[in-house]
Amino acid sequence: MEIDHSNADLTCMRLSRFFLPVLKETPSDAQIISHQLMLRAGMVRQQSAGIYSWLPLGWKVLQKISDIVREEQNRAGAVEMLMPTIQSADLWRESGRYDDYGQEMLRITDRHERDMLFGPTNEEMITDLFRTYCRSYKDLPKLLYHIQWKFRDEIRPRFGVMRGREFLMKDTYSFDLDEAAARHAYNRMFVAYLNTFSRMGLQAVPMRADTGPIGGDLSHEFIVLAETGESEVFCNADLVEMGAPGPDVDWDGDLQPLVDQRTALYAATEEMHDADAFAQVPEDRRLSARGIEVGHIFYFGTKYSEPMKAYVTHPDQKDRPVHMGSYGVGVSRLLAAIIEAHHDDKGCIWPESVAPFGAGILNLRAGDEAADTACESAYAALSEAGLDPLYDDTKERPGGKFATADLIGLPYQLVIGPRGLKENKVEVKVRRTGETHELSPEDAVARLGERAFSNG
RNA sequence: CGGGGCGUAGCGCAGCCUGGUAGCGCAUCUGGUUUGGGACCAGAGGGUCGCAAGUUCGAAUCUUGCCGCCCCGACCA
């Protein structure tokens, strides 16, 4: 994309114009590292129990995560749409869940005394949409998703956005003629999820999950291993090391072998754990750990289509309820999970795919003509190279700038100051390893631009 | 919802037991000295002590009620 430098000053992301309220001290009510770092790095601000404002830095990362989720959904053939957060209670009365859902659902009454609710999920609404427009087997299959805020009035919100009451979720819904066809949609999501989490630097292990009254084997939770995880999990260690299939899969072909490869080995959460089966896993491969559930997929057949009368006419001219599945990713929870997996004592270490900025430019003496000039030309060059840099042009002292850059996890830091410039030197620091390179400004910018320090 | 804990300046805390002028560190602002890994000196601003009632000459402090938040448990992306 062409960048218009005539307006460079306004498009330049200067820290002095950004909104980054970093905290030096850790707020006492944050218990886990991701919550602490999100508060310290000025990413979120709690507004009420389990309800957060997303400040610019947090919002930027959240959008990067959403974008990856979206790209992988699209790649797998899902079609994006957007349903509202507020729903009518009538739809939920049709499915019977208005009463079943209980206290977790936030119920609202509008000015006409109509019962409304803040959606905790969208099965009823999507089923209503489907039945409105689709009547024939020729309309199938359909795979639709949205990324929308949900509200679940949790008994006990905790761990920051990890278990918030308001949270951002990607939910996909599949509609198929029968179970066999639904299984293909299920497998698509299974593979898409492996790729999605892998792109964010997460190794997520699919684990058999409870299918409830539906039964069958078509429900999996995707678990990221982390010490602070809420679930106890047991699996074959080979699964953790197994890479993602990558984008070059034949989405219309048979995905079952890919799925089987990952479901053949033992993996279960606490509630599905079978100690005898686990004992069959070779001892050195037996892994018991804690995990964070970042995704959940399941096939639920006609659970909603039957009561809500979402029927399609089959080729034999008979009407039958459509077979459905739903597939959720906790987008806001993913952000916390990524921090849990990637941090050190100084702060966040973002995988580059979700880093809020691709690089930082630290002007150690803002106001010094040589430093200012060098920083500005570095900014232009790094922007041109697509690195989306953040320029720290503040008057803060160097120590504070280094600490902030590490805290918010800028993957590469271009350190420019008058002392180095006298010898035509600037410093490139790689956040993940802490290694530094002294280079001329031209070399530093060129090598950053060609991603020469990647995987450092 | 059961059990535990906490609400005092933006953040982290002391003061409460034993009632008597509301404090400390960080942050903020001003001036100065500094300036390459969270500087220093001097000064300044900022608080309905969660809310309400009660006891008392007098309540951050004692009593009661309410609200909010955090932690542990059963449920969940």
Side-chain angles (χ1 to χ4, degrees), chain A residues 21-32 35-36 39-40 42 45-51 65 69 101-105 119-122 147-172 193 197 204 209-210 212 219-224 229-231 269-271 291-298 326-337 346-347 362-368 371 394-407 413 415-423 425-427 429 434 436 438:
Chain A
V22 298
L23 305 174
K24 201 184 273 189
E25 290 171 288
T26 302
S28 59
D29 51 4
Q31 301 295 314
I32 60 170
H35 190 197
Q36 292 171 357
L39 293 172
R40 289 231 293 132
R45 158 84 181 176
Q46 182 174 330
Q47 302 291 168
S48 186
I51 300 177
I65 294 170
V69 171
Y101 219 92
Q103 294 286 299
E104 295 242 315
M105 186 151 69
T121 177
N122 287 70
I147 299 174
Q148 177 63 289
W149 294 94
K150 304 293 190 288
F151 195 94
R152 293 183 191 175
D153 202 355
E154 296 280 346
I155 294 166
R156 188 149 88 84
R158 62 186 130 172
F159 303 146
V161 302
M162 191 76 85
R163 174 167 300 286
R165 292 196 290 172
E166 187 184 58
F167 60 97
L168 188 62
M169 179 164 110
K170 185 285 302 174
D171 38 325
T172 307
Y193 278 21
F197 302 133
D210 192 2
S219 181
H220 287 88
E221 292 179 2
F222 287 74
I223 305 278
V224 172
E230 289 190 271
S231 339
T269 57
E270 204 172 2
E271 51 271 22
I292 302 166
E293 182 185 349
V294 291
H296 194 165
I297 62 179
F298 52 95
S326 79
Y327 316 88
V329 169
V331 179
S332 44
R333 174 181 287 183
L334 268 174
L335 196 156
K346 295 191 180 72
L362 277 58
N363 187 339
L364 296 189
R365 190 86 55 86
D368 176 275
T394 64
K395 302 268 189 197
E396 198 183 353
R397 301 168 58 82
K401 296 196 176 202
F402 293 126
T404 298
D406 284 348
L407 176 62
Q413 298 162 20
V415 180
I416 299 178
R419 187 199 288 177
L421 285 175
K422 279 194 191 122
E423 294 161 32
K425 295 282 192 212
V426 297
E427 182 185 287
K429 175 176 156 183
T436 59
E438 284 227 314

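This one's a predicted model, so the numbers in the text were calculated from it and none came from an experiment. Quick note on labels: first sequence line is chain A, next is B, and so on, each numbered from 1.
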Same-atom distance (C1') from B:rA27 to B:rC51, integer angstrom: 28 Å
Complementary nucleotide of B:rG46, counting Watson-Crick and G-U pairs under 3.5 Å: none
Watson-Crick or G-U counterpart of B:rU63, or none if no pair lies under 3.5 Å: B:rA53
Atom pair distance, as rounded to whole Å: CD in A:E438 and P in B:rG36: 15 Å
Nucleotide forming a Watson-Crick or wobble pair with B:rA22, both distances under 3.5 Å: none
P-based separation of B:rG23 from B:rA44 [nearest Å]: 13 Å
Who pairs with B:rC69 - Watson-Crick or G-U, where each distance is under 3.5 Å: B:rG5
Nearest-nucleotide 5' precedence on RNA chain B, A:P27 against A:K346: A:P27
Residue among A:H296, A:Q148, A:K150 satisfying side chain to side chain donor-acceptor pair (under 3.5 Å) with A:D171: A:K150
Touch class at under 4.0 angstrom, heavy-atom based, for A:K429 against every strand present: base
Complement of B:rC40, any strand, by Watson-Crick or G-U distances under 3.5 angstrom: B:rG32
B:rG12 versus B:rU28 - spacing of their C1' atoms, nearest Å: 16 Å
Contact letters for nucleotides 68-77 of chain B, in which S counts primed atoms plus P, OP1 and OP2 and B counts the base, heavy atoms under 4.0 Å: -SSBBBBBBB
Sugar-phosphate only, base, or nothing, as touched by A:D406 at under 4.0 Å among non-hydrogen atoms: base
Inter-nucleotide P distance (B:rG15, B:rU8), Å rounded: 14 Å
Touch class at under 4.0 angstrom, heavy-atom based, for A:G420 against every strand present: base
ring-ring contact (aromatic ring centres under 6.0 Å, His included) partners for A:Y101, two or more places apart: A:W92
Atom C1', compared across B:rG68 and B:rA52: separation rounded to whole Å: 15 Å
Residue matched to B:rC16 through Watson-Crick or wobble contacts both under 3.5 angstrom: none
Heavy-atom side-chain contact between A:Q47 and A:E166 under 4.5 Å: no
Any side-chain heavy-atom pair of A:R333 and A:E293 under 4.5 Å: yes
B:rU34 to B:rU48 separation - P atoms, rounded to the nearest Å: 40 Å
C1'-based separation of B:rG58 from B:rU21 [nearest Å]: 13 Å
Between N or O atoms, less than 3.5 Å apart, protein on one side and nucleotides 23-30 of chain B on the other: list the pairs.
unit_1 : atom_1 : unit_2 : atom_2 : d
B:rG25 : N2     : A:E25  : OE1    : 2.8

Mutual orientation of the aromatic rings belonging to A:F222 and A:F197 [parallel < 30°, tilted 30-60°, perpendicular > 60°]: tilted
Gap in Å between the two P atoms, one belonging to B:rC76 and one to B:rG4, rounded: 27 Å
